[in-house]
Amino acid sequence: MNDKIFDKVNQEKKQSLKLLENIVNLESFSGSKESVDKLSKYLSEVCESLGGKTKFYPQEKLGNNFTSEFYSGEKTTLILCHMDTVWPIGTIKERPFTVEGNIAKGPGIFDMKVGITIALEAIRILNELDLMPKNKIKILFNSDEELGSEDSMDLIKEEAEKSYVTFCLESSFKGMIKTARKGVGMYYLSVQGKAAHAGSEPENGISANVELAHQILKLDSFNDSKTGTTVNIGRAEGGVVRNQVPANAEALIDLRVVTNEEAQILDNKIKSLEPVLGDSSLEITGGMNRPPMERTDKIVNLYNWAKNTVKDMDVTFTETGFPVGGGSDGNFAASTGTPVLDGLGGVGDGAHAEHEYIEIDMFHEKISILASLLANIHEFEI
Ligand SMILES: [Zn+2]
């Protein structure tokens, strides 16, 4: 079966690349509902042409989410694809879809339009080879992953909970599958001091900036290379003018943790920060956004099964072996206890950066891999 899939994918490289081009050309900035809705309309039509039954989940401000269900069977394999990108509308004019040798470029191509294309092409290839999976396959397309999936996380968790396994088509890490991801916390720290004239009565002021400086150093001390915990103060600002003791300051904090236990400990530490300067006060809001995706036994079993399933194919299938720092919707899916393989998408580099690209030969390889996994998934036992 793997031979047939592999050969078919290689015969149809042009068609796969054409679909990728169409998807990249439909810009889909998270902040533009109109653009994401155009892409979701196009993708739902592609799904329907492949036999998918689609269901839309309309959204007021952000793009509409939708699911498309293929095949039949008792169990369901869930595939996660986010449609949105970080690139504002018009970026495509500056950096159009281009192919040069083995490299394809375009806004959002690596994160994660290549993953969407891999999912759709795997299904098309299976259809054309008449290798119908014996399980249901449901693709969930969401519109707000780059914003933290606040509005789609409940749908993701609900669908993941009902599924037998979940495949997340986010990009790979240098070609490797992601079996663990750090969890992500997002916090906002507001410091209240007391304003005073910097020349005539500085002793009556309480500098919010100095207080914030103390807090930044404290937060920075939470970084721990042993546990893999990272704390980043991504933005800090305070005060208004040079000659006033500043009354207000604020900071945005990014937290990454490997385990759920560590998430609790750090959440506690951040929320119980105390002011250092006499009468200043702190207000801390926010919390964990994506829980860590821990490398559980179930995930290891799924990974080993998958590796074994594609072993006679001329493809590479390896895992990172460490929790990657970036969060994804795989984190939400894994939090329901369903085994997740993440990073089954493209190979390349430059997510959220101007040099974003994918490797075309690996794009085809990943279609073969996913098609084989989907065709065989009924044999996997948790
Ligand atoms: Zn992504």
Side-chain angles (χ1 to χ4, degrees), residues 22-49 52-70 76 78-93 107-109 111-113 115-117 119-120 137-163 166 168-170 183-188 190 234-235 250 252 254 285-291 326-336 338 345 351-352:
N22 292 347
I23 292 174
V24 171
N25 280 335
L26 282 164
E27 289 188 284
S28 52
F29 177 48
S30 316
S32 157
K33 174 174 170 63
E34 196 192 342
S35 70
V36 182
D37 282 350
K38 262 189 206 155
L39 177 62
S40 67
K41 184 169 179 291
Y42 174 75
L43 294 175
S44 66
E45 284 163 9
V46 174
C47 286
E48 277 160 20
S49 75
K53 284 181 235 103
T54 59
K55 181 174 176 195
F56 269 87
Y57 298 82
Q59 296 265 97
E60 219 172 280
K61 292 196 182 108
L62 301 172
N64 299 328
N65 301 313
F66 79 99
T67 57
S68 195
E69 195 177 290
F70 302 84
T76 301
L78 180 66
I79 295 180
L80 298 178
C81 293
H82 71 79
M83 297 178 286
D84 60 321
T85 77
V86 297
W87 298 107
I89 304 306
T91 309
I92 193 79
K93 289 195 194 103
I109 194 167
D111 184 13
M112 60 167 276
K113 296 201 161 175
I116 296 175
T117 315
L120 296 172
I137 297 190
K138 194 181 241 185
I139 312 183
L140 193 164
F141 296 89
N142 60 327
S143 62
D144 61 346
E145 196 273 346
E146 299 294 0
L147 304 175
S149 303
E150 297 274 348
D151 291 346
S152 60
M153 68 165 92
D154 287 344
L155 179 63
I156 294 166
K157 286 194 221 163
E158 199 179 298
E159 292 297 338
E161 197 153 29
K162 287 190 280 181
S163 75
T166 298
C168 182
L169 269 288
E170 281 279 8
V184 185
M186 308 191 293
Y187 297 87
Y188 173 77
S190 165
R235 191 168 67 88
E250 58 178 20
L252 291 178
D254 178 284
T285 52
M288 287 305 290
N289 169 246
R290 297 173 195 276
S328 87
D329 291 330
N331 293 60
F332 293 127
S335 73
T336 68
T338 183
H352 303 194

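Excluded from the calculations below are hydrogen atoms, water molecules and symmetry mates; all remaining heavy atoms, backbone and side chain alike, are included. The model shown is predicted, which means the values in this text are computed figures rather than measured ones.
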Practice problem: Let me see the working for Met153 and Asn289 under side-chain contact (heavy atoms from CB on, under 4.5 Å), right down to the final yes or no. | Solution: CA-CA 10 Å; Met153 68 165 92; Asn289 169 246; 4.2 Å; yes

Quiz item: Under 4.5 Å between any side-chain heavy atoms of Val36 and Asp144, yes or no?
Solution: no

Quiz item: Shortest non-hydrogen contact from Gln59 to Asn64?
Solution: N-OD1, 2.8 Å

Quiz item: Nearest 0.5 Å, what's the CD-CG distance between Glu146 and Asp84?
Solution: 5.5 Å

Quiz item: Stepwise, does the side-chain contact (heavy atoms from CB on, under 4.5 Å) test hold for Thr67 with Tyr57?
Solution: CA-CA 8 Å; Thr67 57; Tyr57 298 82; 3.9 Å; yes

Self-check item: Phe66 side chain near Leu43 side chain, heavy-atom distance below 4.5 Å
Solution: yes

Practice problem: Scan residues 24-48 for pairs that pass salt bridge (Lys or Arg N to Asp or Glu O under 4.0 Å), counting only residues two or more places apart or in two chains. | Solution: Lys33-Asp37, Lys41-Glu45

Quiz item: Rounded to the nearest 0.5 Å, how far apart are NZ of Lys53 and OG of Ser44?
Solution: 15.5 Å

Quiz item: Which distance, rounded to the nearest 0.5 Å, do you find between the CD1 of Ile156 and the CG of Asn142?
Solution: 4.5 Å

Quiz item: Under 4.5 Å between any side-chain heavy atoms of Phe332 and Pro291, yes or no?
Solution: yes

Self-check item: Distance in Å, Leu78 CG paired with Glu161 CD, rounded so as to fall on 0.5 Å steps
Solution: 12.0 Å

Practice problem: Find out whether Ser328 and His82 are in side-chain contact, i.e. whether some heavy atom of one side chain is under 4.5 Å from a heavy atom of the other. | Solution: no

Quiz item: How close do Ile23 and Ile116 get, heavy atom to heavy atom, and via which atoms?
Solution: CD1-CG2, 4.0 Å

Exercise. Nearest 0.5 Å please: distance from the OG atom of Ser40 over to the CZ atom of Phe56.
Key: 4.5 Å

Self-check item: For Tyr187, ring pair (Phe, Tyr, Trp, His ring centres under 6.0 Å) partners two or more places apart
Solution: none

Exercise. Look only at the side chain of Lys113 and the backbone of Leu26, and say whether a donor-acceptor pair between them is shorter than 3.5 Å.
Key: yes

Quiz item: Hey, mind stepping through Leu62 and Leu147 against side-chain contact (heavy atoms from CB on, under 4.5 Å) and telling me if it holds?
Solution: CA-CA 10 Å; Leu62 301 172; Leu147 304 175; 3.8 Å; yes

Quiz item: Can you check side-chain contact (heavy atoms from CB on, under 4.5 Å) on Ile92 and Val24, steps first, answer last?
Solution: CA-CA 8 Å; Ile92 193 79; Val24 171; 4.2 Å; yes

Quiz prompt | Beyond-backbone contact of Leu120 with Cys47, side-chain heavy atoms, under 4.5 angstrom | solution = yes

Quiz item: Is a side-chain donor or acceptor of Ser30 paired with a backbone partner of Thr85 at a separation under 3.5 angstrom?
Solution: yes

Practice problem: Kindly give the heavy-atom pair with the smallest separation between Phe29 and Ile89, and that separation in Å. | Solution: CB-CD1, 3.9 Å

Exercise. Report the distance from atom OG of Ser335 to atom CE of Met288, rounding to the nearest 0.5 Å.
Key: 11.0 Å

Exercise. May I ask you to decide if Leu39's main-chain N or O and Ser28's side chain share a donor-acceptor pair within less than 3.5 Å?
Key: no

Self-check item: Non-hydrogen side-chain atoms of Leu80 and Glu159 separated by less than 4.5 Å
Solution: no

Exercise. Sequence neighbours left out, what passes ring pair (Phe, Tyr, Trp, His ring centres under 6.0 Å) with Tyr42? Give chain and number order.
Key: none

Quiz item: Does the side chain of Met112 reach to within under 4.5 Å of the side chain of Glu145, using non-hydrogen atoms?
Solution: no

Practice problem: Quick one: closest heavy-atom pair of Ala119 and Leu169, and the distance? | Solution: CB-CG, 4.3 Å

Exercise. Taking the side chain as every heavy atom from C-beta outward, state whether Asp111 and His352 have any atom pair closer than 4.5 Å.
Key: yes

Quiz item: Do Asp329 and Ser149 get their side chains close enough for a donor-acceptor pair, meaning under 3.5 Å?
Solution: yes

Practice problem: For Asn65 and Ser143, run side-chain hydrogen bond (donor to acceptor under 3.5 Å, both in side chains): C-alpha distance rounded to whole Å, both residues' side-chain angles, the deciding distance at 0.1 Å, then the answer. | Solution: CA-CA 6 Å; Asn65 301 313; Ser143 62; 3.1 Å; yes

